2 protein chains.
Amino acid sequence: MAKNSAVSMAASNLESVSSSASGQPAPRKSAGPRAAARRANEKRILAAAEEVFALAGFTGATTAAIARRASLPKANVHYYFRTKKALYRSLLNNILDLWLNEADSITEDADPAEALSAYVRAKVAYSQNRPFASKVFANEVVHGGSQIRDYLENQLKARVDGKVSIIRRWIAEGRMSPVDPYHLFFSIWAATQTYADFECQAAAVLGKDKLTAGDYRKAADHVEAMILKSCGLEPGGAAGS
Amino acid sequence: MAKNSAVSMAASNLESVSSSASGQPAPRKSAGPRAAARRANEKRILAAAEEVFALAGFTGATTAAIARRASLPKANVHYYFRTKKALYRSLLNNILDLWLNEADSITEDADPAEALSAYVRAKVAYSQNRPFASKVFANEVVHGGSQIRDYLENQLKARVDGKVSIIRRWIAEGRMSPVDPYHLFFSIWAATQTYADFECQAAAVLGKDKLTAGDYRKAADHVEAMILKSCGLEPGGAAGS
DNA sequence: GCTATTCTTGGCCATTTAGTCAGACTTCCT
DNA sequence: AGGAAGTCTGACTAAATGGCCAAGAATAGC
């Protein structure tokens with residue numbers, strides 16, 4: 001009955017996501033057949049949770065639905081993950097790990113066109129292969145990202161800042177045209193993830209139920225071309241003005 | 001206790017959004033001082049709902065929170081909108097109306113560069129001025145869009161198809177380079193709306209709490225330049241390759 | 001075999017929340 | 001003034017849901 005401001009309910013009282021990923025009952029030894037079974041069950045539950053959280057959001061998802069999807073009794077889910085929030089945060093951890101390593105192709109001495117092209121294609125592939133993961137992340141960010149604030153402000157920012165310096169250097173060396181590197185990343189993320197997060201909209205506009213492999217190919221081609229052109233780059237690898 | 005497939009709960013049993021927007025008790029006459037007060041109250045509730053739904057999603061939002069935000073007793077909210085879903089659908093209707101008219105600058109005889117530029121800038125401005133509306137829409141689409149399927153497949157698709165033909169003609173007339181018009185729209189939507197839907201991510205990466213007016217200006221400049229270049233257009237209005 | 005540890009699960013409970021309702025109150029019309 | 005239509009609201013209810021528990025089943029180590 002606390003008189004919180006009407007909307008603050010969205011931001012719950014959690015520390016943000018850190019490292020500890022797995023369940024709580026902490027078995028005596030971390031290796032062995034028991035531990036393997038445990039990891040398998042956790043993985044199964046996480047996979048179910050990814051789907052349910054993606055389709056219903058955090059509050060909309062029920063532990064019962066997750067359990068049903070994992071073909072386990074609800075109490076069993078609560079055995080591996082004490083609370084719904086703990087499960088949600090474990091899931092986010094897994095997803096964020098993926099996110100961080102996607103820009104690996106962007107390195108100091110890479111070719112700008114090749115690096116950006118690889119990045120864009122990796123992200124479109126991710127949208128195609130892990131749409132639920134993308135949606136869980138999108139949902140979290142749209143709702144204010146209270147569970148991942150720390151990750152966004154620290155790990156992600158640091159990683160992006162690093163890539164931004166690389167791009168600034170590329171620009172200074174005349175290897176690509178001057179663009180704001182931050183906004184370049186925002187555009188890449190948006191234009192690629194939209195094929196996961198907003199798939200149903202794209203599909204509807206294209207007059208289909210679901211996007212096909214061909215659609216994703218076209219999407220990758222289109223976004224790649226757009227990003228490269230916006231940086232004055234040619235697909236081959238030669239630099240423009 | 002129905003044995004629905006684990007995830008189907010996300011798609012509830014609603015007809016999709018159509019036209020009827022307002023409350024139910026249907027006053028005798030649709031004009032007059034009473035009706036004006038009614039409209040004012042509905043507007044107030046819708047504004048509150050926009051914010052609460054944006055931050056918490058459909059399931060996460062509570063009618064109590066919406067009422068609190070509108071400074072009204074909960075029962076009063078239910079007087080104007082019988083159910084939470086009815087309120088949600090009214091809100092979606094308002095938002096979708098905005099969406100449909102944003103591409104008005106794209107007409108047969110407009111200058112491609114000017115038209116696309118205006119469209120991009122209108123959409124960035126929308127992200128800046130109505131971030132909650134954008135988030136409500138994003139949330140709905142991310143979760144499968146069960147409430148707006150009809151809108152997406154009919155009204156929106158028709159509107160987009162119209163704009164696509166225009167762009168195809170521009171391309172045929174050599175007024176811009178060949179790009180896939182559908183994916184061009186997907187990219188424009190994504191790159192502009194990301195500043196509303198994913199604001200907290202962009203802000204975190206930029207090391208701020210919130211995006212500033214300057215950030216939105218930079219965003220508009222960046223996306224405008226990106227889209228124009230990807231179409232082989234110059235900001236002034238002259239056509240390229 | 002025996003015991004300790006981990007795992008499994010049905011059943012239970014407290015809390016939250018959408019929606020109802022009866023009655024009070026206000027505004028309008030004649 | 002008086003009544004009718006519309007508006008407002010506190011209190012209540014039924015359903016859903018996260019989480020707990022205790023007892024049983026399985027497994028590992030000795």
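The sequence lines fix the lettering, A, B, ..., with proteins before strands; numbering per chain opens at 1. Everything quoted here is computed from the prediction, not taken from an experiment. Side-chain atoms are counted along with the backbone in the values below, which use heavy atoms only and exclude waters and symmetry mates.
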Value in whole Å for how far the [atom2] atom of [N] lies from [atom1] of [X]:
| X | N | atom1 | atom2 | value |
| --- | --- | --- | --- | --- |
| Arg68(A) | dG10(C) | CZ | C1' | 16 Å |
| Asn76(B) | dC8(D) | CG | P | 5 Å |
| Arg38(B) | dT27(C) | CZ | C1' | 14 Å |
| Ile45(A) | dC7(C) | CD1 | P | 11 Å |
| Glu42(A) | dT6(C) | CD | P | 14 Å |
| Tyr79(A) | dG24(D) | OH | P | 18 Å |
| Ile66(B) | dT17(C) | CD1 | C1' | 12 Å |

So which protein nitrogen or oxygen atoms get under 3.5 Å of nucleotides 18-20 of chain C's nitrogens or oxygens?
from: dA18(C); atom 1: OP1; to: Ala61(B); atom 2: O; distance (Å): 3.2
from: dA18(C); atom 1: OP1; to: Lys84(B); atom 2: NZ; distance (Å): 3.3
from: dA18(C); atom 1: OP2; to: Thr63(B); atom 2: N; distance (Å): 2.9
from: dA18(C); atom 1: OP2; to: Thr63(B); atom 2: OG1; distance (Å): 2.8
from: dA18(C); atom 1: N7; to: Lys74(B); atom 2: NZ; distance (Å): 3.3
from: dG19(C); atom 1: OP2; to: Lys84(B); atom 2: N; distance (Å): 2.5
from: dG19(C); atom 1: N7; to: Lys74(B); atom 2: NZ; distance (Å): 2.9
from: dG19(C); atom 1: O6; to: Lys74(B); atom 2: NZ; distance (Å): 2.7

Aromatic Phe58(B) / basic Lys84(B) pairing, under 6.0 angstrom, 45° off normal
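Yes, a cation-pi geometry.
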Centroid-to-centroid, His222(B) to Tyr195(B), below 6.0 Å?
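No, ring centres 6.0 Å or more apart.
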With a 4.0 Å limit, can you tell me whether Tyr80(A) has a side-chain N or O closer than that to the phosphate oxygens OP1/OP2 of dT8(C)?
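True: Tyr80(A) side-chain N/O within range (under 4.0 Å) of dT8(C) OP1/OP2.
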Within a radius of less than 6.0 Å around [atom1] of [X], do more than 12 heavy atoms belonging to other residues, nucleotides or ligands occur?
| X | atom1 | value |
| --- | --- | --- |
| Lys210(A) | NZ | no |
| Asn101(A) | CG | yes |
| Lys157(B) | NZ | yes |

How close do Leu87(A) and Val77(A) get, counting heavy atoms only, and between which atoms?
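Residues Leu87(A) and Val77(A), closest heavy atoms: CD2-CG1, 4.3 Å.
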